[in-house]
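Okay, so here's the structure we're looking at.
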Amino acid sequence: QVQLVESGGGLVQAGGSQRLSCAASGRTFSSYGMGWFRQAPGKEREFVATINWSGGIRYYADSVKGRFTISRDNAKNTLYLQMNSLKPEDTAVYYCAAGGRSSGSTSSTAYNYWGQGTQVTVSS
């Protein structure tokens, strides 16, 4: 069992930066592929970024590539999402997820555990 708690959300101006954190409980964090997803009002949840168990493999949605960076610190059981050059269309609730596949995945169905989400609002 893994429990995930996101933090770091809030209000930021367009062009600004924000870093989200996801603290995980449990001893097996380092074995999980991890992901970030987001859901805007009236829209379906969408993939943002994923990272494999070691941090050596990362994939990004085209909409955030070059602006967002996913990383992890297995010693601290923490996942991060550094968001730069934020746009109003990045406004959403951001969720971290831990999956049964150590390689990570772009599909939400690959993840077994989800955090409660943290709101990110980008003002224009």
Side-chain angles (χ1 to χ4, degrees):
Q1 188 77 8
V2 176
Q3 291 186 326
L4 305 172
V5 180
E6 301 98 335
S7 61
L11 177 65
V12 62
Q13 287 189 333
S17 298
Q18 204 159 39
R19 187 174 83 156
L20 304 182
S21 299
C22 173
S25 65
R27 302 177 183 177
T28 58
F29 173 79
S30 61
S31 67
Y32 286 104
M34 301 292 294
W36 285 100
F37 290 76
R38 66 187 183 186
Q39 187 166 19
K43 295 187 177 181
E44 294 187 352
R45 188 172 299 187
E46 66 174 1
F47 166 74
V48 175
T50 185
I51 189 168
N52 77 327
W53 67 276
S54 68
I57 301 174
R58 313 173 195 195
Y59 290 108
Y60 298 92
D62 288 343
S63 59
V64 306
K65 199 172 296 182
R67 300 188 297 121
F68 290 12
T69 302
I70 187 171
S71 63
R72 66 189 298 162
D73 185 336
N74 287 342
K76 295 183 178 180
N77 280 13
T78 304
L79 176 73
Y80 302 100
L81 184 68
Q82 178 65 45
M83 305 184 293
N84 298 329
S85 302
L86 282 161
K87 305 175 181 180
E89 51 263 43
D90 294 318
T91 295
V93 176
Y94 284 72
Y95 299 89
C96 69
R101 298 172 58 179
S102 61
S103 60
S105 175
T106 62
S107 172
S108 62
T109 60
Y111 294 91
N112 302 319
Y113 306 103
W114 293 83
Q116 83 289 349
T118 185
Q119 177 71 47
V120 173
T121 303
V122 184
S123 63
S124 57

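We use all heavy atoms of the structure for the numbers below, so side chains are in, but hydrogens, waters and symmetry mates are not.
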Next on the checklist: Could you check whether S25 and Y113, counting side-chain N and O atoms only, form a donor-acceptor pair closer than 3.5 Å?
Outcome noted: no
Checklist entry - For the atom pair OG (S30) and CG (D73), what is the distance rounded to the nearest 0.5 Å? => result 11.0 Å
Checklist entry - What salt bridge (Lys or Arg N to Asp or Glu O under 4.0 Å) pairs are there with at least one residue in residues 40-61, not counting sequence neighbours? => result R38-E46
Item to check | Rounded distance (nearest 0.5 Å) linking atom OH of Y32 with atom CG of L4 | outcome: 9.5 Å
Item to check | Atom pair CG/CD of L86 and Q13 - distance to nearest 0.5 Å | outcome: 11.5 Å
Next on the checklist: Just to verify, what does Q39 make a side chain to side chain donor-acceptor pair (under 3.5 Å) with, not counting sequence neighbours?
Outcome noted: none
Item to check | Partner set under side chain to side chain donor-acceptor pair (under 3.5 Å) for S123, not counting sequence neighbours | outcome: none
Checklist entry - Do K87 and D90 meet the salt-bridge criterion of a basic N to acidic O distance under 4.0 Å? => result no
Next on the checklist: A cation-pi test, strictly: NZ or CZ of R72 under 6.0 Å from the centre of the six-membered ring of F29 and no more than 45 degrees from its axis. Yes or no?
Outcome noted: yes
Checklist entry - Roughly how far, to the nearest 0.5 Å, is OG of S71 from CG of L79? => result 7.0 Å
Item to check | Pairs meeting criterion ring pair (Phe, Tyr, Trp, His ring centres under 6.0 Å) with involvement of residues 47-96, two or more places apart | outcome: F37-F47
Item to check | Under 3.5 Å donor-acceptor, N52 side chain and I57 backbone | outcome: yes
Checklist entry - Do you know which two heavy atoms are closest between V48 and V64, and how far apart they sit? => result O-CG2, 3.6 Å
Checklist outcome for this item: Between S124 and A14 the two heavy atoms that sit nearest each other are CA-CB, 4.3 Å
Checklist entry - Excluding sequence neighbours, so at least two apart, what forms side chain to side chain donor-acceptor pair (under 3.5 Å) with N84? => result S17, Q82
Next on the checklist: Please determine whether side-chain hydrogen bond (donor to acceptor under 3.5 Å, both in side chains) holds for the pair S107 and S105, giving the CA-CA distance in whole Å, both sets of side-chain angles, and the decisive distance to 0.1 Å.
Outcome noted: CA-CA 5 Å; S107 172; S105 175; 4.8 Å; no
Checklist entry - Considering residues at least two apart in sequence or located in another chain, which fulfil the side chain to side chain donor-acceptor pair (under 3.5 Å) criterion with Q3? => result none
Next on the checklist: When you measure from the side chain of T50 to the backbone of M34, do you find a donor-acceptor pair of N or O atoms at a distance under 3.5 Å?
Outcome noted: yes
Checklist entry - Would a distance-only check, ignoring hydrogens and angles, find a side-chain to backbone donor-acceptor pair under 3.5 Å from E6 to C96? => result yes
Checklist outcome for this item: Minimal heavy-atom distance between S85 and R67, with the atoms involved, is O-NH1, 2.9 Å
Checklist entry - Are any non-hydrogen side-chain atoms of Q119 and L11 less than 4.5 angstrom apart? => result no
Checklist entry - Which pair of non-hydrogen atoms, one from T78 and one from A23, has the smallest distance, and what is that distance? => result OG1-CA, 4.4 Å
